[in-house]
Amino acid sequence: MLKIRGLKKKFKNFQALNGLDMDVEEGALYGFIGPNGAGKTTAIRIITGLLDADEGTVEIAGRDAFLYREQVKESFGYVPDEFGMYDNLKVSEYMEFFASCYGFSGLVGRKRCQEFLEQVKLSDKADFFVDSLSRGMKQRLCLARAMIHDPGLLVLDEPTSGMDPRARLEFKELLRELCAEGKTILISSHILSELSQMCTDIGIIDSGRIVLSGSMSEILQKVNDSNPLRIQVCEGEERALSLLAEEKNVRTVSVSGREIVVGFHGRKEEEARLLKMLIEAGVQVSGFYRDQGDLESLFMEMTNQEREKVVLSSEE
């Protein structure tokens with residue numbers, strides 16, 4: 001659905017994007033993660049045609065977004081981080097105005113607006129003025145507006161910033177529903193816990209380049225591999241240490257009391273094989289587990305950022 005190659009953008013002496021490559025497959029809910037200043041918003045503004053790139057290409061639904069800018073606008077909907085609202089309009093009037101911009105007017109336009117307001121759970125607010133809505137409601141209204149022409153791709157730039165916990169939860173559920181219906185969603189954020197709970201794919205950007213990307217299962221496997229394996233032994237410790245020293249997936253071994261801490265780079269199947277080998281060798285194993293995965297530590301490792309520079313868990 002979205003393919004980016006060699007994207008570069010420089011503002012005076014600051015290189016905002018430095019050869020960005022990124023792929024968002026059709027039907028994905030893609031989390032675009034990075035610290036402030038990493039290039040997320042710059043990339044999104046180039047994708048949506050609000051900013052020109054210095055170098056590189058962007059394809060949306062198989063079309064060159066730079067050569068066919070007007071045509072690709074039909075393929076995506078955009079929810080910016082700071083959206084403009086017509087506060088003196090009612091919610092229904094706001095939706096009908098944008099529907100008319102895409103050629104939907106009269107009964108067809110009103111019906112279409114009603115359908116999308118129902119989808120974002122704002123149909124009961126149709127006669128309310130926009131400025132009377134909460135921030136979470138305004139974000140859902142902005143999402144409904146972005147979907148008015150039924151695009152295949154939705155691009156959201158930090159959409160839950162400033163929302164209260166309940167509003168964020170409702171918004172996440174809405175995005176999951178849209179993804180299940182076949183929408184492709186690109187959502188940027190610097191809140192790791194938020195995206196890890198709902199995304200199918202993740203891309204981490206730092207200094208204008210993707211430093212890690214893949215499906216959530218692949219990313220979590222990398223997290224898992226980076227955490228130690230803890231083996232608690234009742235008897236046969238020396239035998240266990242000898243076997244571990246010969247194991248190809250073992251990187252480090254240390255002993256703490258009756259517990260052996262192993263730097264083990266392998267999948268679940270290989271962990272199971274290791275446990276079976278120890279038991280068959282007569283080692284009495286009373287505990288065998290990985291430390292819990294931590295996306296935050298992986299993020300810090302990949303971006304080399306100081307902790308205070310980015311919100312990694314939540315805004316609560």
Side-chain angles (χ1 to χ4, degrees), residues 1-2 22 24-36 38 40-41 43-44 47-48 76-83 85 91 115-125 133-148 150-205 212-220 223 292-296 298-299 310-316:
M1 176 59 75
L2 175 64
M22 192 165 76
V24 179
E25 299 297 330
E26 187 172 353
L29 207 172
Y30 189 100
F32 193 30
I33 301 172
N36 293 328
K40 301 188 301 297
T41 296
I44 284 176
I47 292 168
T48 54
F76 69 85
Y78 175 46
V79 179
D81 54 345
E82 294 183 6
F83 48 88
M85 284 288 183
V91 168
E115 288 174 355
F116 285 110
L117 286 176
E118 287 176 357
Q119 189 164 16
V120 299
K121 299 177 176 61
L122 286 177
S123 57
D124 60 335
K125 303 294 182 183
L133 302 180
S134 67
R135 180 173 177 81
M137 290 178 182
K138 286 182 178 179
Q139 287 285 35
R140 279 186 277 149
L141 178 59
C142 199
L143 179 59
R145 185 264 304 155
M147 295 192 297
I148 199 70
D150 197 25
L153 172 67
L154 293 171
V155 181
L156 296 80
D157 190 5
E158 307 252 9
T160 61
S161 176
M163 283 188 189
D164 63 62
R166 179 176 292 278
R168 286 211 301 273
L169 180 62
E170 291 173 349
F171 199 83
K172 285 189 290 185
E173 289 300 323
L174 176 58
L175 294 184
R176 287 194 191 101
E177 290 173 10
L178 290 172
C179 189
E181 292 172 6
K183 296 291 186 187
T184 303
I185 301 173
L186 170 66
I187 175 171
S188 79
S189 181
H190 57 279
I191 306 174
L192 272 181
S193 61
E194 186 170 83
L195 296 188
S196 65
Q197 293 165 8
M198 66 175 172
C199 290
T200 60
D201 300 84
I202 290 286
I204 298 177
I205 182 174
L212 181 67
S213 65
S215 68
M216 276 305 304
S217 59
E218 292 170 339
I219 299 299
L220 290 175
V223 172
Q292 289 296 309
D294 185 353
L295 276 174
E296 178 178 335
L298 180 64
F299 182 95
V310 60
V311 178
L312 294 168
S313 54
S314 75
E315 291 186 339
E316 298 174 25

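- By the 4.5 Å heavy-atom criterion applied to side chains, Gln119 and Glu115 are not counted as neighbours.
- Remark: Thr184 pairs with no residue by the side-chain hydrogen bond (donor to acceptor under 3.5 Å, both in side chains) rule, at least two apart or across chains.
- Side-chain contact between Met216 and Ile202 is present, with at least one heavy-atom pair separated by less than 4.5 Å.
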Practice prompt. Walk me through it: do Arg176 and Glu173 pass the test side chain to side chain contact (heavy atoms under 4.5 Å, CB included)?
Written response: CA-CA 5 Å; Arg176 287 194 191 101; Glu173 289 300 323; 2.4 Å; yes

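- Listed here is the closest heavy atom pair of Ser213 and Ile219: C-CD1, 4.0 Å.
- Although no hydrogens or angles enter the test, the distance criterion places no donor-acceptor pair under 3.5 Å between the side chain of Ser123 and the main chain of Leu117.
- For the residue pair Val79 and Ala146, the shortest heavy atom distance occurs at CG2-CB, 3.8 Å.
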Given Ile187 and Met198, is the side chain to side chain contact (heavy atoms under 4.5 Å, CB included) satisfied, shown in steps?
CA-CA 11 Å; Ile187 175 171; Met198 66 175 172; 3.6 Å; yes

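- Nearest heavy-atom pair across Gly27 and Cys179 is O-SG, 3.2 Å.
- At a threshold of 4.5 Å between non-hydrogen side-chain atoms, the residues Val120 and Met147 count as touching.
- Of the possible polar contacts, one joining the Lys183 side chain to the Pro151 backbone as a donor-acceptor pair under 3.5 Å is found.
- Under the 4.5 Å side-chain criterion, counting only non-hydrogen atoms from C-beta, Ile44 is in contact with Tyr78.
- Residues Val91 and Met137 have side chains not in contact (no heavy-atom distance under 4.5 Å, counting atoms from C-beta outward).
- Two residues are said to be in side-chain contact when any heavy atoms from C-beta on lie closer than 4.5 Å; Ile185 and Leu156 meet this criterion.
- The 12-atom threshold is not exceeded at CD of Glu26, counting heavy atoms of other residues, nucleotides or ligands nearer than 6.0 Å.
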Carefully, step by step, assess Arg140 and Glu170 under the rule side chain to side chain contact (heavy atoms under 4.5 Å, CB included).
CA-CA 9 Å; Arg140 279 186 277 149; Glu170 291 173 349; 3.8 Å; yes

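- Side-chain contact between Leu2 and Tyr30: absent, with no pair of heavy atoms (C-beta onward) separated by less than 4.5 Å.
- Leu175 is listed as a side-chain neighbour of Leu143, based on a closest heavy-atom distance under 4.5 Å.
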